[in-house]
Amino acid sequence: MSYLTVQTKTKGEYEGVKLWKRLTCNDLYNTSITRFSTAQASKSVDKSLKINTCYSQYQRMLSTLSQCEFSMGKTLLVYDMNLREMENYEKIYKDIEYDALAKVIQHHPDRHETLKQLEALGKELQNLSHIKENVEDKLELRRKQFHVLLSTIHELQQTLENDEKLSEAEESQETQMEAEAKQ
């Protein structure tokens with residue numbers, strides 16, 4: 001009977017409470033006997049038959065009530081078991097989630113190492129930037145030197161060509177002078 005006062009609303013409880021509200025065990029039996037004895041006082045044979053019928057109905061109702069209580073008790077046990085299972089599944093889910101996050105975290109270096117690597121990469125980037133500037137400066141210097149060299153080569157070619165022309169002009173003058181001297 002203690003199951004009927006539980007606050008959870010299960011199917012078994014509703015059936016038990018409805019039946020319990022309609023009748024109470026003792027009142028049902030006493031009321032049924034009183035009705036039949038006053039209404040049928042003159043018929044003693046019918047009276048014992050009706051009392052037996054009433055008693056058997058009373059027993060069936062007690063049996064039904066007992067089945068309802070059993071069903072409700074079973075439902076409450078299943079409900080409690082389901083609550084425990086939900087708590088267990090939630091704990092397992094949190095553990096799995098924690099393990100997955102821990103694996104992901106383990107694949108990455110810690111903050112201190114990452115900061116060291118970033119600092120080293122920053123220094124290497126600065127060093128490479130200086131090297132690039134030096135190489136660009138050297139390349140610019142080499143371009144200028146190459147331009148000067150090409151200009152000098154061009155001037156030398158011009159000078160050589162001028163010298164050849166002068167040599168040819170001198171030779172032709174000498175040949176003309178020699179030809180004039182022979183005449």
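Computation of the quantities below employed the complete heavy-atom set of this structure, encompassing side-chain atoms and omitting hydrogens, waters and symmetry-equivalent molecules. Predicted, not measured: the structure shown is a model, and the values here were computed from it. The chain is numbered in sequence order, starting from 1.
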Distance in Å, F146 CZ paired with S151 OG, rounded so as to fall on 0.5 Å steps: 10.0 Å

- request: Using the rule that two of Ile, Leu, Val, Met, Phe, Trp, Tyr join whenever any of their side-chain heavy atoms come within less than 4.5 Å, decide whether V78 and M72 are in one cluster.
  value: no

- request: Examine distances only and state if a side-chain atom of T64 and a backbone atom of R60 form a donor-acceptor pair shorter than 3.5 Å.
  value: yes

- request: Enter the distance from K74:NZ to Q67:CD here, rounded to the nearest 0.5 Å.
  value: 11.0 Å

message: If you define the side chain from C-beta out and look only at heavy atoms, does anything of L160 sit under 4.5 Å from Q157?
response: no

- prompt: Got a second to check how far S66's OG is from Q59's CD, nearest 0.5 Å?
  reply: 11.0 Å

- prompt: Does E161 reach the side chain of E164, with side-chain heavy atoms less than 4.5 Å apart?
  reply: no

Salt-bridge present (E140, R143; N to O < 4.0 Å): yes

pair D110-E113: side-chain heavy atoms closer than 4.5 Å: yes

query: Out of E97, K91, E90, which residue meets the side-chain contact (heavy atoms from CB on, under 4.5 Å) rule with Y93?
result: E97

- prompt: Out of curiosity, L125 CG to L118 CG, how far, rounded to the nearest 0.5 Å?
  reply: 11.5 Å

task: Measure the NE2-CD distance between H130 and E133 for me, rounded to the nearest 0.5 Å.
output: 6.5 Å

message: Regarding Q145 and R142, do their side chains bring together a donor and an acceptor under 3.5 Å, going by distance alone?
response: yes

Donor-acceptor contact below 3.5 Å, side chain S71 vs main chain C68: no

